[in-house]
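A short write-up of the structure that comes next.
Computed from a predicted structure; not experimentally measured. By convention in this document, chain letters (A, B, ...) are assigned in the order of the sequence lines, proteins followed by strands, and residues within each chain are numbered from 1.
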Number of protein chains: 2
Amino acid sequence: MTTPAPGLHSHVLAALGLAITAGEYPPGTVLRTDELAQRFDVSRTVVREVVRVLESMRLVESRRRVGVTVQPTPSWNVYDPQVIRWRLAGADRPRQLRSLTVLRSAVEPVAAGLAALHATPEQCRDLTERALGMVATSRGRQLDAYLVHDVAFHRIVLEASGNEMFARLGDVVAEVLTGRTHHHVMFEDPDPAAVTLHVQVAEAVRERDADRAEALTREIAVGALRELDVLAP
Amino acid sequence: MTTPAPGLHSHVLAALGLAITAGEYPPGTVLRTDELAQRFDVSRTVVREVVRVLESMRLVESRRRVGVTVQPTPSWNVYDPQVIRWRLAGADRPRQLRSLTVLRSAVEPVAAGLAALHATPEQCRDLTERALGMVATSRGRQLDAYLVHDVAFHRIVLEASGNEMFARLGDVVAEVLTGRTHHHVMFEDPDPAAVTLHVQVAEAVRERDADRAEALTREIAVGALRELDVLAP
DNA sequence: TGTGACATAAAAGTCGTACTTTTAATTCCT
DNA sequence: AGGAATTAAAAGTACGACTTTTATGTCACA
């Protein structure tokens, strides 16, 4: 779940990134590198490297004679997978989950439509396989096994779309699905209707029916949003 | 356009980032920090900080006893505004422009639908104003003035959607619009149909007609894609 | 001849310190 | 009171020493 990644750098980065995204340091707070070095018991070198990374994520801004200033949320690089993970781990997971799900609802239908046009035979096969896997694990509290198939399914669709930007949302979708499963923003067993829809999407892609693939995926998205409304109002 | 940002760090970062995204160092290439320090005539400290940032963008990976390895394109953080800018400045601008436009075509219609539900009176006003601005500058080689209104228009829609992820795509859209204008992936004067559609979107948002706003924006997107097909095949 | 333990060295990682540069804030002069 | 000169705080940069990891080459043994 959490990136293990050894090394002092990663440790401090994770600690600071998490703290900032969690709102522990409100925007405008200034941190001084020396102070941070002391706090984490590392050299200033390490802190500086961390700050530079945080700066590239626009979580902070470093200015001479002032220090490292925490930036307001609107300037954060919210598409950075690292930032997404930190935020999902923190206090505003609900809001985060919602805005990411809305993003999915916009992107995935279009991606599915393109996938119907571009998917390779192998991708079609994998997709069907995953859909069947979802069916097989959709009953009897097998949420974890189900999740694996679900994530794989959506990854394949995004990948098969042939669009680089869509493909790179695979990780984001994985985070969302994992997050909502592990935090019970989901029914005990997956919605049977959703499972069926996945099977049908695989079918539509196999049959190169772009419009149907798009429409069906849109239904999945609508369902996910509704579920979110019910369980995390 | 290009971030000036003084300092040795920014300079080296821009140089390396640009070179890597331009494919000057093919994936698998290993760079050694000492060598880079020499090449750019800066201290290892600076190079290390740059490498750390590049690593957070997943353009490179640094491993002990090996060096700094350039990563394959699929692992890059292609949503990082910095990376987007570098790539748009480089050789594969066409491909880049296309995949970003497809992304827009997925996101903006949904954003417009939401904007119709959530836009403040002020945003409605600004939107209308921008649409009228587009009309006013749509004839007689005023592409630059037109661009300003166009960018502002789309920014407002994304912002007004109330969704953070959408809002943060404002910069990306700005880059795309600017890019295609400045590189003549566009007709000499804007497509009159597109201009009209913008006016109608503003109207739909003002009247809280989500479905219409979405449909109209989808038409704009389709138009943009078609234009791209014609001018950059 | 192959295989596994061992030694070697190359490169990144870390640290501490000294120095430079920018710039917010204070002081001081008119 | 206002503006110019001074000060000092913090980041930026550089350098050198040392540590740690680890790919690779070596050698002994089966």
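A salt bridge does not link R125(A) to E129(A): none of the charged side-chain nitrogens sits closer than 4.0 Å to a carboxylate oxygen.
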Any chance you could lay out the side chain to side chain donor-acceptor pair (under 3.5 Å) test for H149(A) and H154(A), step after step, and finish with the verdict?
CA-CA 9 Å; H149(A) 293 296; H154(A) 289 278; over 6 Å; no
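Of the N and O atoms on the side chains of R206(A) and T128(A), at least one donor lies less than 3.5 Å from an acceptor on the other residue.
At whole-Å resolution of the value, CG in D41(B) and P in dT13(D) are 13 Å apart.
To the nearest 0.5 Å, the span separating CZ on R85(B) from CG on D171(B) amounts to 7.0 Å.
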Indicate for each nucleotide in nucleotides 6-14 of chain C, in 5' to 3' sequence, whether protein heavy atoms under 4.0 Å reach the base (B), only the sugar-phosphate (S), or nothing (-).
---BBBBBB
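The closest donor-acceptor contact from the side chain of R104(B) to the backbone of S99(B) lies at 3.5 Å or more, if one exists at all.
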